[in-house]
2 protein chains.
Amino acid sequence: MSILERTHLEIIRAVEQHGSLTAAAEKLHLTQSALSHTVRKLEDQLGLAIWHREGRRLRPTQAGEYLLAVANRLLPQLVHAEERLKQFAQGERGSLRIGMECHPCYQWLLKIVSPYLAAWPEVDVDVKQKFQFGGIGALFGYEIDMLVTPDPLYKAGLTFEPVFDYEQVLVVGPQHPLRDAAYVQPKQISDETLITYPVAIERLDIYNLFLTPAGIAPKRHKIIETTDIMLQMVASGRGVAALPRWLVEEQSAKFDVAPVKLGPEGVAKQIFLGFRETDAEIDYLRAFVALARTHRDKRRRTI
Amino acid sequence: MSILERTHLEIIRAVEQHGSLTAAAEKLHLTQSALSHTVRKLEDQLGLAIWHREGRRLRPTQAGEYLLAVANRLLPQLVHAEERLKQFAQGERGSLRIGMECHPCYQWLLKIVSPYLAAWPEVDVDVKQKFQFGGIGALFGYEIDMLVTPDPLYKAGLTFEPVFDYEQVLVVGPQHPLRDAAYVQPKQISDETLITYPVAIERLDIYNLFLTPAGIAPKRHKIIETTDIMLQMVASGRGVAALPRWLVEEQSAKFDVAPVKLGPEGVAKQIFLGFRETDAEIDYLRAFVALARTHRDKRRRTI
DNA sequence: CGTATCAATTACAATTATTCATGCATTAAT
DNA sequence: ATTAATGCATGAATAATTGTAATTGATACG
């Protein structure tokens, strides 16, 4: 009946990865002959070629490309299922794979993870940041179990819950004229160097919610990967940046920087936790959401 | 290395489906003994039980439930991959699995599908309407390849494109006092029987965009599954319904019904086509979008 | 109780996967 | 050119896996 087995997907993947049957065989702890046989059989059964044989080189056919995509999608899920079962067997709870879609999310997560790890010693936490199909796709595709994101999706089989409110502010250095301003207006940025994380402009809040609506652009746009360096640059007067207020205040002991409100009302942001509804009953997952929620409540009371 | 094979998933699924090893064995064209062996081996390798043996009954353990979920998620994808490869082999193009999230979507699809089938004889079209995780989830989970929906999602690895604009109108019968009104106001519905498809109220446009904002509810709410019966009910004065204007006009030869604008401005709606970005290069998929788009343009010119 | 049903087990058979030895084609080097 | 090296394919032999038949023991049910 069924012809596509796990091995086939593994072979296809290994060949792609190592370039030849022989190399793939090595990695799979088999002989080249073994692979050649199984491949031939598979191709016979399917009635099509998976690779073009060009001389002694294998180039995937259209079907091969398709199979490769299937393999890359399904194999990780099988591997993860096995891992999870192993953990089950050892009395461990499992692992929580958390995906991240924004930089402040990451900063926030750092604060939550350590109390969580302490409360749930049997649970591993994996943090992932790159997804082929974006965070939502990673949730649906079982690449991750929990998504930390600034934009929720109230729909379908996912549940989103707000867990953190913060204000996005402009960060300026010690000599900056805006340092003691009550707030900054978009046009006051038009002569500045703006430092941001390496993210598409459409996904940067300071553009979406502040600059772009006013039709303003900064004089220069500089990209920096890490928060520390970014703050050093700001502290040394080389530019301004946009970060969560709580993060700036936390770092203001280390760097001489100050937060300035974006516009008279400020820019309010939220972070959400999203997960599959079917996972809602997993205790260590619920616990994570609950922990995040209490963190939020605690904070709210003190504000 | 790897222990979880396709067979295992198939066995787990069959046992769940048919209630016993013996019955499952029958369906899989194997003996009960064979299953017993493979199951034992799998459980040994995993180091945990998949079923509680209660007398002669098998009840899934937690691990069993988990494996069942994995099986139900992955096996259909393997089956579909095989089918697609078979089609490849036979020179057919493949199949386009279209998911639907609203009733007008279905009506619209009916008009598009037949020219498409004519233009692409080597492509099968499957239409699905129920999804565990909603349409978006079905797209990400490779249950469908194309989603027809009224609410798009501009994000992640999906592309959405508007392909149809229409006006949602109230449908009334021949004797109805509103028949010749320029438009209807929400309060005029408060004494009516409203007929709708069997869909949650939150997902019905006439509530979302018309009644609920005005704080109005109809006197009665009646649920009917098929458009034809719905129109017969309306024609016989048993209630009013909300449908796309084009659909009402098309059916007005068959049923004595008339469209009435909802509110002075009318209620404008759009239908979108969504698909995975990675599929954008599949010719028969592009062709479907293109066909839908030309349909739209043609219609626009005539309005 | 006796019978029917079901899973587990044992011993054995059948099938399938893998290897070994080898050939043939292609690429690279001398 | 000639030789060496590399890579895939093939056939026969063998190892390993997967399956079956027959039987047992347990349990539900009339």
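Numbers restart at 1 for each chain; the letters A, B, ... are given by sequence-line order, proteins then strands.
Remark: P of C:dA7 and NE2 of B:H18 are 13 Å apart, rounded to the nearest angstrom. For the pair A:R53 CZ and C:dT27 C1', the computed distance is 18 Å after rounding to whole Å. Spacing between atom CZ of B:R59 and atom P of C:dC6 amounts to 19 Å, rounded to whole angstrom units. Rounded to whole Å, the distance from CG on A:L42 to P on C:dT16 is 15 Å. A:Q45 has its CD atom 13 Å from the C1' atom of C:dA17, to the nearest Å. Distance B:H37 NE2 to C:dT15 C1': 15 Å, rounded to the nearest Å. Per the geometry, CD belonging to A:E10 stands 17 Å off C1' belonging to C:dT18, to the nearest Å. The CZ atom of A:R40 sits 17 Å away from the C1' atom of C:dT18 (whole-angstrom rounding).
Within 4.0 Å (heavy atoms only), A:R57 reaches no atom of the nucleic acid at all. Using a 4.0 Å heavy-atom criterion, one finds that A:S20 contacts the sugar-phosphate atoms exclusively. Residue contacts shown for A:L30 are limited to sugar-phosphate atoms, with no base heavy atom under 4.0 Å away. At the heavy-atom level, B:T22 lies under 4.0 Å from the strands shown only through sugar-phosphate atoms.
B:Q45 CD: more than 12 foreign heavy atoms inside a 6.0 Å radius. Surrounding CD of A:E277 are more than 12 heavy atoms belonging to other residues, nucleotides or ligands, all under 6.0 Å away. Applying the 6.0 Å contact sphere to OH of B:Y106 captures no more than 12 heavy atoms from other residues, nucleotides or ligands.
No side-chain donor from either of B:H8 and B:T38 sits under 3.5 Å from a side-chain acceptor of the other. Counting only N and O atoms by type, the side chains of A:Y197 and A:T227 include a donor and acceptor under 3.5 Å apart.
For residues 27-63 of chain B, the set of pairs meeting the ring pair (Phe, Tyr, Trp, His ring centres under 6.0 Å) definition, not counting sequence neighbours, is empty. Among pairs with a residue in residues 70-82 of chain A, those fulfilling side-chain hydrogen bond (donor to acceptor under 3.5 Å, both in side chains) read A:R6-A:E82, A:R13-A:N72, A:R73-B:Q77, A:Q77-B:R73, A:H80-A:R97, at least two apart in sequence or across chains.
For A:T31 against C:dC20, no side-chain N or O and base N or O form a donor-acceptor pair under 3.5 Å.
A nucleotide of DNA chain D counts as in contact with chain A when one of its atoms lies under 4.0 Å from a heavy atom; the first and last such, 5' to 3', are D:dA5 to D:dA12.
Heavy-atom nearest nucleotides on DNA chain D were determined for B:Q32 and for B:K41, and the one closer to the 5' end corresponds to B:K41.
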